[in-house]
Amino acid sequence: MEKFIRLTGVAAPLYRPNIDTDAIIPSREMKRVSKEGLGEGLFADWRYSDVAARVPNPDFILNRPPFEKAPILIGGANFGCGSSREHAVWALKDYGVRCVIAPSFGAIFQGNCVRNGILPLVLPEERVAALANAADPRPVTVDLEALSLTMPSGEVLTFAIPPADRQMLLEGLDPIGVTLKRLPAILTFEAEHLRRHSWI
Amino acid sequence: MGSTLVEKLWSRHRVADLGDGTDLLYVDRVLLHERTGSIALKELAETGRAVRHPGRAFVCMDHIVDTRPGRGDDTVMPGGTAFIRETRAGAAAAGIHVFDIGQDDQGIVHVVSPEQGIALPGLTVVCPDSHTCTQGGLGALAWGIGSSEAAHALATQTLVVRRPRQMRVRFEGALGAGVGPKDMILHLIATHGADGGAGHAVEFSGPAVSALSIEGRMTLCNMAVEFAAWTGLCAPDAKTLAWIDGRPRAPKGADWAAAVADWAELRSDDDAVFDREIVINCADIAPYVTWGTSPQHAVPIDSRVPALEEARDATAATAWRRALAYMDLTPGQSLAGLPIDGAFIGSCTNSRLSDLRAAAEVLRGRKVAPGVRAICVPGSMRVKAAAEAEGLHTVFLDAGFEWRESGCSMCFFAGGEHFGQSQRVVTTTNRNFENRQGPGTRSHLASPTTVAASAIAGRLADARVQALLPPAAKA
Ligand code: SF4
């Protein structure tokens with residue numbers, strides 16, 4: 001998995017509550033059994049005024065310079081709620097987004113981010129609102145080692161993230177490989193679990 | 001200090017404490033479907049990792065299969081056939097059973113798993129699908145995951161999971177006539193918000209939950225995820241045992257006796273401590289319908305679209321304005337009486353036999369209003385057969401409903417079938433998000449009873465108000 005250590009870039013405000021995974025990647029944009037090429041369908045219903053013809057909607061933030069290549073999104077509360085589709089995260093990644101800042105995230109989406117090298121960064125609602133309203137076109141810097149967010153003004157905010165998620169992102173770990181190191185413990189547990197619950 | 005039901009299930013499955021509030025949990029059942037499961041199987045195959053227990057994994061073909069009679073692998077969704085065939089081939093290579101198109105047992109994964117006896121009280125059940133919490137209605141610890149986690153669960157029979165906080169929602173009193181589990185959960189989400197359960201495992205309890213059928217409990221748990229809960233569940237009781245006994249994959253003989261003895265412990269202790277407790281008086285619950293584009297945009301059907309001033313803050317007011325524009329509604333407008341174009345009965349929320357019976361009770365002897373397209377999609381082929389055995393299909397067909405083969409169908413739009421641009425649809429599904437049921441489709445979530453009454457009236461209708469409905473024809 002790709003590591004996430006430090007990132008400098010423009011943060012695009014998309015500050016609405018409950019942005020669901022159907023909005024991030026509409027179902028009909030998941031065309032193949034593949035993680036690749038999904039960036040084109042990212043926010044398709046908002047990003048294109050004619051989805052089929054791929055006509056850009058000039059009002060949508062990712063179609064407005066300098067936000068069109070923003071590697072950071074500023075979302076509202078409960079970002080990524082709804083369907084479990086990991087395609088939402090693959091689409092963000094394919095488009096080039098590596099960090100989403102929001103007051104809170106849908107639980108499955110948040111886990112999917114970490115597993116794909118995208119940092120889900122939680123800040124208090126007022127902070128996120130202020131960031132979004134400022135819509136500053138200058139880059140910010142996210143530092144996962146220092147747990148800091150440096151604003152264009154030079155102001156430095158700090159954030160928290162569960163240590164296991166931080167380690168996974170910093171080291172780009174393969175989660176299955178990490179768990180398989182515990183296979184002996186799993187086998188011991190399993191034998192006892194199945195002995196007690198024969199019907200499983 | 002006692003333990004909650006979730007804490008008990010958790011400690012039964014904890015392989016290792018990974019620190020920092022996360023544990024490695026043992027997974028008893030992994031369920032997959034052709035939409036997101038195919039990619040998990042592909043990922044394992046590509047990395048050369050094996051499925052540890054193929055016998056405890058199952059695949060359901062449900063999400064993009066066609067539901068029109070005479071169907072095969074072809075679907076109206078562009079590229080859909082490839083999803084179906086790749087999933088089938090991946091499952092065969094891994095030795096995983098498939099509930100496939102053309103079989104008597106095919107259906108929506110969250111309907112099939114309980115009815116087959118795959119999900120059972122006390123088991124951990126995961127599926128790369130957010131409505132896996134439906135299966136909590138049986139007392140299983142069941143939650144939705146991503147595709148990468150599904151690959152992890154298949155390869156290791158475990159998942160790394162953060163311990164949720166504990167919430168109990170008690171439904172006191174009894175439900176009024178014409179009010180059901182769908183109205184209970186919409187009431188909860190409307191009053192406490194679509195993010196009200198974030199970070200929590202929610203146990204639904206109280207006399208009104210005990211009084212619900214097992215199918216009703218599954219409807220309740222189904223929408224726990226729309227409350228942003230990690231999962232929802234109900235403690236198993238005598239009704240649960242009666243419902244499970246004799247199902248194809250349920251334990252038999254000595255195993256059954258051992259399981260029943262074990263399941264007796266699966267309840268929260270009297271002195272268990274919950275981080276949060278919500279008490280709802282069922283006398284306050286009316287039939288609900290949504291007016292906006294989030295399940296929290298729900299109100300009793302006999303009330304009005306709220307005024308923007310009622311939003312809790314400016315962000316919510318902006319979201320409401322956007323939702324009203326999408327839904328083509330104005331504040332203060334009454335919901336009952338709003339003309340509809342379509343009616344849909346189906347999805348893992350409301351497509352079990354009890355749901356079809358509730359709808360048929362309203363439909364019997366009546367006709368769907370002219371100009372309304374009405375569709376019923378049973379949750380599984382078993383549900384369909386059971387409904388046909390008691391003649392329900394003729395009630396639906398005589399009323400003017402389409403009577404389909406099983407699948408997710410128009411619960412979500414994958415590029416195939418939909419009701420059409422700007423069509424107003426009253427639906428028993430669980431998500432009224434923008435474009436969820438099709439480009440521009442305006443979805444109003446409601447119970448099967450409300451959907452049936454609305455289909456007859458040609459407008460959103462309160463089934464309790466007989467005057468809104470034309471009289472049933474004399475048999
Ligand atoms: S019926 Fe709808 S909500 Fe349920 S599993 Fe299928 S698509 Fe998801």
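Letters go in sequence order (proteins before strands), and every chain restarts at 1. These values consider heavy atoms only, across backbone and side chains, with no hydrogens, waters or symmetry-generated copies.
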**Request:** Kindly indicate, with the supporting measurements, whether the criterion side chain to side chain donor-acceptor pair (under 3.5 Å) is fulfilled by A/His197 and B/Asp28.
**Result:** CA-CA 11 Å; A/His197 311 106; B/Asp28 296 314; over 6 Å; no
**Residues of residues 119-127 of chain B with any heavy atom under 4.5 Å of a heavy atom in chain A** = B/Leu120, B/Leu123
**Asked** What part of B/Glu43 is in contact with chain A, defined as an atom under 4.5 angstrom from a non-hydrogen atom: side chain, backbone, both or neither?
**Response** side chain
**Item:** Interface moiety of B/His418 toward chain A, non-hydrogen atoms closer than 4.5 Å
**Value:** neither
**Message:** Which atoms of B/Gln157 are under 4.5 Å from chain A, going by heavy atoms: the side chain, the backbone, both sets, or neither?
**Reply:** side chain
**Message:** Taking side chain as everything from C-beta outward and backbone as N, CA, C, O, which of these in B/Arg436 sits under 4.5 Å from a heavy atom of chain A? Side chain, backbone, both or neither.
**Reply:** both
**Item:** Contact origin within B/Ala254 toward chain A - heavy atom pairs under 4.5 Å
**Value:** neither
**Prompt:** Of the backbone (N, CA, C, O) and the side chain (C-beta and beyond), which part of B/Ala259 lies under 4.5 Å from a heavy atom of chain A, both, or neither?
**Reply:** both
**Prompt:** Quick one: which residues of residues 123-132 of chain A reach chain B at under 4.5 angstrom, heavy atoms only?
**Reply:** none
**Request:** Select one option (side chain, backbone, both, neither) describing which atoms of B/Asp195 are under 4.5 Å from chain A's heavy atoms.
**Result:** both
**Message:** With rounding to the nearest 0.5 angstrom, report the OG to CZ distance, A/Ser27 to B/Arg35.
**Reply:** 4.5 Å
**Prompt:** Quick one: does NZ or CZ of A/Arg16 land under 6.0 Å from the six-membered ring centre of B/Trp320, within 45 degrees of the ring axis?
**Reply:** no
**Message:** Which label fits B/His13 and A/His193: parallel for a plane angle under 30°, tilted from 30 to 60°, or perpendicular past 60°?
**Reply:** perpendicular
